[in-house]
Peer 1: 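Please find one structure pasted underneath; my questions will follow.
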Amino acid sequence: MIVNFRLLVLRRSFSTSGAGDRSFVVHCNQRITRYGRIGNVVEAERLFNRMPEKSIVTHTAMLTAYAEGGHMDRARKVFDEMPRRNVAAWNAMITAYVRRRNISDVEEAHRLFLNMPERNPLSYTVMMMGFVDASNFDEAGTLYVATPVEWRDPFCSNVLMKGYLKSGRLEEAVRIFEGMKEKNVVSWSSMVDGYCKNGKVTEARELFDAMNVVRNEFTWCSMVDGYMKNGFFDDGLLLFLQMRKETSATKLEPAIVTAILESCGSTFRLKEGRQIHGCALRLGLDRDTYLGNSIIGMYSKFGWIREARKAFDALGNKDVVSWNSLISGYVQLGMVDEAQQLFDEAETKDSVSWTVMLTGFASKGLIDECIRLFDAMTEHDDVAWTALISAILNRGHYGEAVHRFVDMIRKEVVPNSSTLSCMLCAAAGLVSLRLGQQLHAVVCKLRMESDLSVQNSLVSMYSKNGAVDEARRIFLRISAPNIVSYNAMIAGFGRNGRGEEAVDLFSQLRHPPNEVTFLGVLSACAHAGLVEEGRRYFESMKSSAFGVEANADHYAAMVDLLGKAGLLEEAAELIRTMPVEPHSGVWGALLGAAGMHSNRDLAELAAARILELEPDNAVAAFAVKRYRDVMKGQPGCSWIDSVENRTSFRRQHTEGERVYSNSIQVKEK
DNA sequence: CTAGGGTTAG
């Protein structure tokens, strides 16, 4: 009905309007623009074709509508066939190419830019956007320098500065920022945000306090979120309260509340989370989809799945993130069936939905389901690949993981830091220095040398491959090592027979040690024969000064330590009196020591216990057989060594070598 | 008609 009426009006307008009816043309141009913005190319095109008189603006609006709808060929045809063009038309065509975020399109944009008869400030800004999006900072920088000084307005400078910040090129960003003659609120806010995103909260706050323009909601939001994302929840909350006092408290930006709720979820702030949720409800902000999604996410992270479900059901405008947040909530609780039900129910799914579901199956070890899901996905991005690879790795299939990684690279999907972290663990597991070094080269190429999780994985990979000095070199370059870094390095020293250095590093710890730290230092003592030190660490751990409970692994390390030193009876006594149930690793340590010191009774005891726990254990079976048939108690027998050359392990190792032998080629970012 | 900040899920 409405459409017919419009057509009627339109028809009358066409018949009554003369060639010079400019207001009608303007009206149609606006409608084409509107159709383009809502993605209705068909209506835009229909109107365009019916217009007897078209202006430059008409063509420009139409080409933009086509481009937004993905029809680049038709957009270009409109541009090429325009009877006359102005700067805006050229800019629009360049913008259309730039928005494709693709190298060849940016090149085409650049050709147009070079050929245009006249340029305005916007031409430079848009072209620079293209280079920035393509991470071509050389060209972007050159173009910035080539931009006439009077045209280097905040608009233009902010684009380049923002690009530098996004790619972690802080110094270049600062250079642009400080060189700007005029800075607006976007310039300041972007720098504050950029510092925060690069972990420099102190510098961000200095700028935040130093700004000479009025802060707006973006500025506040960046700073509050910056505090929270960098682990300073209380400072963030304080600043939020300060904002409420300083600015008009009548309305509140949903974005800032969203940021806080997300942080409540990730730092497990149950009380604050509930309070802020209540506050958002009172202010009527809960209709905001972003905010609603963050509520679902927060309760999911708390494990309060019913609250999450309630927030989901209450949300008026659900989008794909709403669904994904709740699916993720079920997955996090291990409720994979419920997650799958929701996954099947969702009418719109994106790669996140599929990946969440994949990690759900992975958490249950259902590797075939993971692969089935992965194969059913239409697009595989870096995270999807990483989820699959990680699922395969968790099942211990290193060679297969390497195979998938090579596939990923061949498909030209750029690995992220978590992919590389995973793969470095594979290289450690495979004991393949060659693979590890190639991955290290990829890390450098992709500028991920400063990523903490990558650095930690590198330390672990190198030390497991015997290259402990290389591991140490990387460890020393970590700007803010966390407990995982220390654990990797301590264990690395230990397994390479450098017990003193392990002990030394432990004494320099700036973090409370955890279970892994103690396991590392105990193993280090065992390897280096530091019996007294080992005893001391073990006692200090048990004295609960650090709040760490000794588990069976720690006892295994102690049995190993005592056993290697020949204190077999003390080791056996430790097993007898340990408060946790000894697992096969504990008995294995005793078996190894008993073998080394030719204590037949204890070896047989240990082997028997292992076989009770693991009837298929080859080492124990071999030991029992060996003792029964061959060994007559001579010292120095090397049966344990021959078994330790675990054949299955070797096979996997060589399998991995073969798969990645065509060196890994990654395109530079 | 063409241009620049923040927030949610893997």
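Everything numeric in this text was worked out from a predicted model, so none of it was measured. FYI, side chains are in, hydrogens and waters are out, and symmetry mates aren't considered; it's all heavy atoms of this structure. A, B, ... follow the sequence lines: proteins, then strands. Residue 1 opens every chain.
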Peer 1: Would you say the rings of A:Trp354 and A:Phe374 are close, in the sense that their centroids are separated by under 6.0 Å?
Peer 2: no

Peer 1: Taking atom P of B:dA9 as reference, at what distance in whole Å does atom CE of A:Met298 sit?
Peer 2: 12 Å

Peer 1: Closest to the A:Lys197 side chain: B:dG4, B:dG6, B:dA9?
Peer 2: B:dG6

Peer 1: Does B:dG6 adopt a syn or an anti glycosidic conformation, taking syn as a chi angle within 90° of 0?
Peer 2: anti

Peer 1: Do A:Leu114 and A:Arg111 have side-chain heavy atoms sitting under 4.5 Å apart?
Peer 2: no

Peer 1: Strictly below 4.0 Å, N to O, side chains only: are A:Asp313 and A:Arg309 in salt-bridge contact?
Peer 2: yes

Peer 1: NA contact type, A:Ala387, heavy-atom cut-off 4.0 Å: base, sugar-phosphate, or nothing?
Peer 2: nothing

Peer 1: Is the A:Trp90 to A:Phe113 ring centre distance short of 6.0 Å?
Peer 2: no

Peer 1: If you only use heavy atoms from C-beta on, which nucleotide in B:dA9, B:dG6, B:dT2 is closest to the side chain of A:Thr64?
Peer 2: B:dT2

Peer 1: With the threshold set at under 4.0 Å for non-hydrogen atoms, list the residues of residues 208-220 of chain A touching DNA chain B in residue-number order.
Peer 2: A:Asn216, A:Phe218

Peer 1: Which of these nucleotides, B:dG5, B:dA9, B:dC1, is closest to any side-chain atom of A:Val185?
Peer 2: B:dG5

Peer 1: Go through it in stages, so that I can follow the logic: the residues are A:Ser190 and A:Asn158, the test is side chain to side chain donor-acceptor pair (under 3.5 Å), and I'd like the CA-CA distance, side-chain angles, deciding distance and then a yes or no.
Peer 2: CA-CA 8 Å; A:Ser190 300; A:Asn158 291 346; 5.6 Å; no

Peer 1: Going by an N to O cut-off under 4.0 Å, is there a salt bridge joining A:Glu369 and A:Lys364?
Peer 2: no

Peer 1: Specify whether A:Trp188 and A:Phe177 have parallel, tilted or perpendicular ring planes, treating 30° as the upper limit for parallel and 60° as the lower limit for perpendicular.
Peer 2: perpendicular

Peer 1: Among B:dG6, B:dG10, B:dT7, which nucleotide has an atom closest to any side-chain atom of A:Lys162?
Peer 2: B:dG6

Peer 1: May I have the distance from A:Ile260 (atom CD1) to B:dG6 (atom P), rounded to whole angstrom?
Peer 2: 17 Å

Peer 1: Counting only side-chain heavy atoms from C-beta out, which of B:dT7, B:dT8, B:dG4 sits nearest to A:Ala259?
Peer 2: B:dT7

Peer 1: Would you name the heavy atoms of A:Val336 and A:Gly360 that are closest together and state the gap between them?
Peer 2: CG2-O, 3.6 Å

Peer 1: Give the rounded distance in Å between these two atoms: CD1 of A:Ile256 and P of B:dT8.
Peer 2: 12 Å

Peer 1: Give the minimum heavy-atom separation between A:Met423 and A:Ile389, together with the two atoms involved.
Peer 2: SD-CG2, 3.7 Å

Peer 1: Taking only heavy atoms on the protein side, list every residue of residues 303-322 of chain A lying under 4.0 Å from any atom of DNA chain B, sorted numerically.
Peer 2: A:Val321

Peer 1: Checking contacts here: which listed nucleotide (B:dT2, B:dG10, B:dG6) is nearest the side-chain heavy atoms of A:Val383?
Peer 2: B:dG10

Peer 1: Which of these nucleotides, B:dT7, B:dG5, B:dG4, is closest to any side-chain atom of A:Lys229?
Peer 2: B:dT7

Peer 1: Would you please confirm or rule out a distance under 4.0 Å between OP1 or OP2 of B:dT2 and any side-chain N or O of A:Arg37?
Peer 2: yes

Peer 1: Could you state the atom-to-atom distance from CG of A:Asp381 to C1' of B:dA9 in whole Å?
Peer 2: 13 Å

Peer 1: Output yes when at least one side-chain N/O atom of A:Lys301 is less than 4.0 Å from OP1 or OP2 of B:dA9, else no.
Peer 2: yes

Peer 1: Nearest whole angstrom, please: distance from the P of B:dC1 to the CZ of A:Phe79.
Peer 2: 18 Å

Peer 1: Between A:Phe240 (CZ) and B:dT7 (C1'), how many Å, whole number?
Peer 2: 13 Å

Peer 1: Would you check if A:His277 and A:Tyr299 make a side-chain contact, meaning some heavy-atom pair closer than 4.5 Å?
Peer 2: yes

Peer 1: If I take atom CH2 in residue A:Trp385 and atom C1' in nucleotide B:dG10, what distance separates them, rounded to the nearest angstrom?
Peer 2: 17 Å

Peer 1: To the nearest angstrom, how far is A:Leu165 atom CG from B:dG4 atom C1'?
Peer 2: 13 Å

Peer 1: Short of 4.0 Å, heavy atom to strand atom, which residues of residues 339-358 of chain A count as contacting DNA chain B?
Peer 2: A:Asp350, A:Ser351, A:Val352, A:Thr355, A:Val356

Peer 1: To the side chain of A:Asn158, which of B:dT8, B:dC1, B:dG4 is closest?
Peer 2: B:dG4

Peer 1: Do the rings of A:Phe208 and A:Trp220 sit parallel, tilted or perpendicular, given the 30° and 60° boundaries?
Peer 2: perpendicular

Peer 1: May I ask you to say what A:Asn29 touches in the nucleic acid, namely base, sugar-phosphate or nothing, with a heavy-atom cut-off under 4.0 Å?
Peer 2: nothing

Peer 1: Which nucleotide, B:dC1, B:dT2, B:dG4, lies nearest any side-chain atom of A:Asn184?
Peer 2: B:dG4

Peer 1: Side chain to side chain donor-acceptor pair (under 3.5 Å) for A:Tyr195 and A:Thr202? Distances and angles first, verdict last.
Peer 2: CA-CA 8 Å; A:Tyr195 269 131; A:Thr202 315; over 6 Å; no

Peer 1: Is the distance between the ring centroids of A:Phe131 and A:Phe137 under 6.0 Å?
Peer 2: no

Peer 1: Please work out if A:Gln30 contacts a base, only the sugar-phosphate, or nothing of the nucleic acid, heavy-atom cut-off 4.0 Å.
Peer 2: nothing

